[in-house]
Trainee: 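One structure follows; several queries about it will come next.
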Amino acid sequence: MLSRGRKWRTLGNMNPLRFSLLFSLVMTARTMSLPAAPPMTPGSYRDWNGKIDEVVVKRSFRADDYADIQVAPLDITKVTVPERKGESRAAIEALLPSLKPAFMEGLQKNLRRRTKASASGKVLLIRVHLTKADPGTRSPGFGDFKGHAAKLAVRGEVIDRATHRTLIEFKQERWAGLGSITKNAGQLFDEAARAIGADVARLISAF
């Protein structure tokens, strides 16, 4: 299992989950560590690595120079949720604040192994803004798996906590439940949030 050194730290009046890269970037014993990639050149990238819809590199950086990563509370203030037959909109909206743990799980499991310990104390801050939360239809037509699938879309930033400078901006959408019509909206959203967390981990790991 991935070793997870977790601490709680106040961010404003919230308690975002803080974890040390020294522990959370250790992959399972069965997984080979990946070599550090050179920083990507600043610029805009679409379909980055065939995984992320849009990436804007504002400033190059070395992930190994950062001792910690923090994830701010998920911003759900500007998202609307369509109705889903059999599940009320209010019930589905109530699920959204709980998506952060699933995002964190995908993030932690997919960060590459560190190349060296950092003593700098520098911190990366990830902010995620939910832009779409479509639970799909509970009773799709025959063969309409896309109609059943939940669609979760975000935009986000990776920020140098000390300087408040944005290093990366990204946009991503993930679908969940294409192969199943038995899962409820909460399960589908968790699956999509976990996949987005994994995508962000691979993005950070490329630096």
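Quick caveat: nothing in here was measured; it's all calculated off a predicted structure.
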Trainee: Would you say the side chain of K51 lies within less than 4.5 Å of the side chain of R174, judging by non-hydrogen atoms?
Mentor: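 R174 vs K51: side chains touch.
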
Trainee: Heavy atoms, side chains only, cut-off 4.5 Å: are P135 and V81 in contact?
Mentor: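 With C-beta onward as the side chain, the pair touches.
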
Trainee: Please confirm whether the backbone N or O of T166 pairs with a side-chain atom of R59, one donor and one acceptor, at under 3.5 Å?
Mentor: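 Side chain of R59 to backbone of T166, a donor-acceptor pair under 3.5 Å: yes, one is there.
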
Trainee: Are K151 and E173 packed together at the side-chain level, in the sense that at least one heavy-atom pair is separated by less than 4.5 angstrom?
Mentor: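 With C-beta onward as the side chain, the pair touches.
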
Trainee: Please identify each residue that fulfils side-chain hydrogen bond (donor to acceptor under 3.5 Å, both in side chains) with D160, with sequence neighbours left out.
Mentor: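 Residues passing side-chain hydrogen bond (donor to acceptor under 3.5 Å, both in side chains) with D160: Y66, T163.
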
Trainee: Give a yes or no on whether the backbone of P82 and the side-chain of R89 come within a donor-acceptor separation of less than 3.5 Å.
Mentor: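 Absent.
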
Trainee: What's the shortest heavy-atom distance between A72 and L125, and which atoms?
Mentor: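 Taking A72 first and L125 second, the nearest heavy atoms are N-CD1, 4.0 Å.
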
Trainee: Identify the heavy atoms of A149 and W175 that sit nearest to each other, and give their distance.
Mentor: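 Closest approach of A149 to W175, heavy atoms only: CB-CE3, 4.3 Å.
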
Trainee: Roughly how far apart are L107 CG and R194 CZ, rounded to 0.5 Å?
Mentor: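 Nearest 0.5 Å value for the CG-CZ distance: 13.0 Å.
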
Trainee: So how far is it from L74 CG to M104 CE, rounded to the nearest 0.5 Å?
Mentor: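 These two atoms lie 11.5 Å from each other.
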
Trainee: Does E169 have any side-chain hydrogen bond (donor to acceptor under 3.5 Å, both in side chains) partners at least two apart in sequence or in another chain, and if so, which?
Mentor: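 So E169 forms no side-chain hydrogen bond (donor to acceptor under 3.5 Å, both in side chains) with any residue.
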
Trainee: Over all heavy atoms of both residues, which pair between S60 and T41 is shortest? Give the atoms and the distance, please.
Mentor: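 Closest approach of S60 to T41: OG-CA, 4.3 Å.
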
Trainee: Under the rule for side-chain hydrogen bond (donor to acceptor under 3.5 Å, both in side chains), what residues qualify as partners of N49, not counting sequence neighbours?
Mentor: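 Counting only residues at least two positions away or on another chain, N49 forms no side-chain hydrogen bond (donor to acceptor under 3.5 Å, both in side chains).
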
Trainee: How far apart are the closest heavy atoms of D199 and I52, and which atoms are they?
Mentor: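 Of all heavy-atom pairs spanning D199 and I52, the closest is O-CD1, 3.5 Å.
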
Trainee: Can you get from L203 to V56 by hopping between Ile, Leu, Val, Met, Phe, Trp and Tyr side chains that sit under 4.5 Å apart?
Mentor: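 Per the 4.5 Å side-chain linkage, L203 and V56 are not co-clustered.
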
Trainee: So V158 and I69, side chain to side chain contact (heavy atoms under 4.5 Å, CB included) or not? Walk me through it.
Mentor: CA-CA 10 Å; V158 179; I69 288 180; over 6 Å; no

Trainee: Could you tell me if the side chain of L167 sits less than 4.5 Å from the side chain of I159, heavy atoms only?
Mentor: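 They are not in side-chain contact.
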
Trainee: Do side-chain atoms of E191 reach the backbone of A176 as a donor and acceptor pair under 3.5 angstrom?
Mentor: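 Such a contact is absent between E191 side chain and A176 backbone.
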
Trainee: Please assess I204 against L124 for the test side chain to side chain contact (heavy atoms under 4.5 Å, CB included), listing each intermediate value before the final yes or no.
Mentor: CA-CA 10 Å; I204 292 174; L124 285 175; 4.2 Å; yes

Trainee: For the residue pair D53 and W48, establish whether any side-chain heavy-atom pair is separated by less than 4.5 Å.
Mentor: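 No, side chains not in contact.
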
Trainee: Kindly give the heavy-atom pair with the smallest separation between R112 and A63, and that separation in Å.
Mentor: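 That would be NH2-CB, 4.2 Å.
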
Trainee: Is it the case that the side chain of E105 and the backbone of K100 share a donor-acceptor pair, with hydrogens and angles ignored and the cut-off at 3.5 Å?
Mentor: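 Absent.
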
Trainee: Yes or no on side chain to side chain contact (heavy atoms under 4.5 Å, CB included) for L130 and L96, after CA distance, side-chain angles and deciding distance?
Mentor: CA-CA 9 Å; L130 194 60; L96 302 184; 4.0 Å; yes

Trainee: If you take all heavy atoms of I196 and L152, which pair is closest and at what distance?
Mentor: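 Distance-wise, the nearest heavy atoms are CD1-O, 3.7 Å.
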
Trainee: Would a 4.5 Å heavy-atom cut-off, applied to side chains only, mark V128 and E157 as touching?
Mentor: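 A side-chain contact is absent here, since even the closest heavy-atom pair is not under 4.5 Å.
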
Trainee: Could you check whether any side-chain heavy atom of V200 comes within less than 4.5 Å of a side-chain heavy atom of F103, counting everything from C-beta outward?
Mentor: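 Yes; the side chains approach each other to less than 4.5 Å.
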
Trainee: For the pair F207 and I168, evaluate side chain to side chain contact (heavy atoms under 4.5 Å, CB included) and give the outcome as yes or no after the intermediate values.
Mentor: CA-CA 11 Å; F207 287 83; I168 313 172; 3.5 Å; yes

Trainee: What distance separates T131 OG1 from I76 CD1, expressed to the nearest 0.5 Å?
Mentor: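 That separation rounds to 13.0 Å.
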
Trainee: Quick one: pull up CG in L95 and CD in Q187 and give me the separation to the nearest 0.5 Å.
Mentor: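 Here the interatomic distance stands at 10.5 Å.
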
Trainee: First locate atom NE2 of H129, then atom OG1 of T77, and finally report the distance between them rounded to the nearest 0.5 Å.
Mentor: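 Those atoms lie 8.5 Å apart.
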
